[in-house]
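The structure displayed is predicted, hence computed values, not measured ones. Each chain gets a letter, A, B and so on, in the order the sequences are listed, and its residues count up from 1.
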Amino acid sequence: MLEIKNLQAKAGEKQILNGISLTVNAGEVHAIMGPNGSGKSTLAQVLAGHPAYEVTGGEVRFEGQDLLDMEPEERAQAGVFLAFQYPVEIAGVSNAYFLRAAYNEIQKARGKEEMDPIDFLDLVEEKLKLVEWGPEIMSRAVNHGFSGGEKKRNEILQMAVLEPKLAILDETDSGLDIDALRIVANGVNKLRRPDNATIVVTHYQRLLNYIVPDHVHVLAGGRIVKSGGKELALELEAKGYEWLTEEAVTA
Amino acid sequence: MSTSETTVESLVGGEYKYGFVTDIDTEVIPKGLSEDVVRLISAKKGEPAWMTEWRLDAYRRWLKMEEPHHWGNLSYPPVDYQDIIYYAAPKNVKPLASLDEVDPELIKTYEKLGIPLREQKLLAGVAVDAIFDSVSVATTFKESLAKEGIIFCPISEALREHPELVRQYLGSVVPVNDNFFAALNSAVFSDGSFVYIPKGVRCPMELSTYFRINTANSGQFERTLIVADEGAYVSYLEGCTAPKRDTNQLHAAVVELVALKGATIKYSTVQNWYAGDAEGKGGIYNFVTKRGKASEDAKISWTQVETGSAITWKYPSVILQGDRSVGEFYSVAVVNGRQQADTGTKMIHVGKDTRSTIVSKGISAGQGNNSYRGLVKVLPRATNARNYTQCDSMLIGSRCGAHTFPYIENQTSTGRIEHEASTSKIGEDQIFYLKQRGLNTENAISMIVNGFCKEVFKELPMEFAVEAQKLLGVSLEGSVG
């Protein structure tokens, strides 16, 4: 589904990604872990097409298409979804209006019919259950005045409605209390299907108790320094990142 | 500057759709202003002698006044008042027996502007007075309104048919010597709308005037007078456009609202005059005086969406004369390219227990400069007066400006005045967030900006709220690329 080859990127003058290669197949969950500043979030942002980052080398193919050649909205329409670490507030625009606009853009891009507000509310009603929310959230302005946990739940709600092929969760666990973490993780788990894939970017192993990955990759200095199964996450929990970062430096 | 910022800026400043010129036989008088010109305009309108004198009095006062150039946060060269045509009118405009007699060229013009003048095509529930250069060319639904005793007609016609009514109220809210542009308008105004709603009558439809400047080098000086008698209600909307020309044109209007005891007047403006090109060449100077006077328990509400004009200078105000009267001002002002706007309101609390609300949303893009200027004045007699002001600015790009100049004068110990202000910037992150959800850049900006303006748009009559949203989309087009 996703094939990253030797990806390099910088922000301003600062080189952050130094050659990342990674293959993600349909049905898989990959965890990207690593210390602060290792390039985890950058990788997520670059895959989504954030304009602040400049790709300086390598290639990324998504279902055979050149992902790096696509506008952010084209990537979204093709089925790439980024759950943001810091979801943005949009005053005066209701969650319902925003989500329906997004849903219809994606429908349009896929040559499907747009949905009217009434039918859309029916669709959303089902999805709201995933994040244990009532319909009142739909009339609130997008993330406006939301708590940190509510914002993250809202990201998962959007993911549930937009049904991406590839979901990238960027530090979705940060700032969540244990109940919110459980709700968010449950939502993600219920959305897992054989034909979609998930990349979970996280600093801590904690989230991976709930969302169990098939593969774990450790990033340091803008490279993947170690890959393994879910047991690698536990090893990191016990030993920290230092031994790997040192390895990266000496290598 | 980052690439995404140029993107944001280029999204503002799309093509001005209304910049065409109508090719029609026009009668114009020579450029320049003098007592003779004032007399000529008055004669062309067939006005009573007292009206000619009223104009001449205004003209003589205007001669002694100076163009206000210093206090506004605006910069422009002094206007040459001898280089303006003060009267331009399509030929063959006579009193019409029916709308079928309107020049087809004019009908076409208004249709192109989205204002059909044929009644069967009209938006249900909106009556229109169409003003072309200096004269009114058509007024719709006059007869059905007349059945309710409502007068809705060009002010030139009102001066002939209802002189006493006009005489009683004209200049009662904005005196002839109020300010430089109001005095000029009083001397030379050529047309505008007159509305009278009788006691206790609720006007059954929206009333609307559509202003169009067509002739080059002409100014438009319209005068609108709306009187809502005791307990009456009226909702009125004005729209404006002009062709693209590379010289500046002056639009100096005066609007007076009189809300008698218990009456309500809701006045909405969607202003889309030509704004000049990206380098600031051409465009309309929109120097307008709008004011209402509210008697006991009366309410005056101004809503404005200002997207056009090279320069906007206007402060729709309310004198809260009567006890328990209410004043409101809801404003969205957008500047892009080299546009400048200095706009806001004055709420003058005279009566007891008066209340006023001000919600101002300023959007600056390109190299535009946007200022909110508002006065809240509570006079000693106005015990328990209340004001709430909210003033938000949004910046798109880094070469534009937003300024807030609130003036507060409270002469009571019981008055309560609240002021809130905020400035935000449409950031790369906001746009990226929406793009990541599948929206393109223009739709993303339009969604953010419309959300920002929501509190004002909800005050617009429903038929026009959608128009205003679209207009905002158009004027911000290209501000992000």
What distance separates B:Lys435 NZ from A:Arg75 CZ, expressed to the nearest 0.5 Å?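 With rounding to 0.5 Å, NZ (B:Lys435) is 10.0 Å from CZ (A:Arg75).
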Approximate separation, where rounding is to 0.5 Å, of B:Thr441 OG1 and A:Glu71 CD: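 The distance works out to 6.5 Å.
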Of all the residues in [range], which have a heavy atom that comes within less than 4.5 Å of a heavy atom in chain B?
{"range": "residues 124-136 of chain A", "answer": "none"}
{"range": "residues 80-89 of chain A", "answer": "A:Val80, A:Phe81, A:Leu82, A:Ala83, A:Phe84, A:Pro87, A:Val88, A:Glu89"}
{"range": "residues 38-49 of chain A", "answer": "A:Gln45, A:Ala48, A:Gly49"}
{"range": "residues 145-166 of chain A", "answer": "A:Glu155, A:Gln158, A:Leu162"}

Could you tell me which portion of B:Lys454 (side chain, backbone, both or neither) has an atom closer than 4.5 angstrom to a non-hydrogen atom of chain A?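 Answer is side chain: those atoms of B:Lys454 sit under 4.5 Å from chain A.
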Please state whether the side chain, the backbone, both or neither of B:Tyr433 comes within less than 4.5 Å of a heavy atom of chain A.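 Both parts, heavy atoms under 4.5 Å.
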Segment of A:Ala91 engaging chain B (4.5 angstrom heavy-atom cut-off):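 Only the backbone of A:Ala91 comes within 4.5 Å of chain B.
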Can you tell which part of A:Ala52 gets under 4.5 Å to a heavy atom of chain B, answering side chain, backbone, both or neither?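 Both backbone and side chain.
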If you count the non-hydrogen atoms of other residues, nucleotides and ligands that lie under 6.0 Å from CD in A:Glu113, is the total more than 12?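 No, because the 6.0 Å sphere around CD of A:Glu113 holds 12 heavy atoms or fewer from other groups.
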If you count every heavy atom of other residues, nucleotides or ligands that lies below 6.0 Å from B:Arg373 atom CZ, does the total exceed 12?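 Yes, because the 6.0 Å sphere around CZ of B:Arg373 holds more than 12 heavy atoms from other groups.
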Beyond-backbone contact of A:Glu73 with B:Asn443, side-chain heavy atoms, under 4.5 angstrom: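 The answer is no; the side chains never approach within 4.5 Å.
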Ignoring hydrogens, what is the shortest heavy-atom contact between B:Gly438 and A:Ala76? Give both atom names and the distance.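 It is N-CB, 3.5 Å.
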Start with the C-alpha gap between B:Glu428 and A:His50, add the side-chain angles, then the distance that decides, and say whether side chain to side chain contact (heavy atoms under 4.5 Å, CB included) holds. CA-CA 9 Å; B:Glu428 201 170 72; A:His50 196 290; 3.6 Å; yes
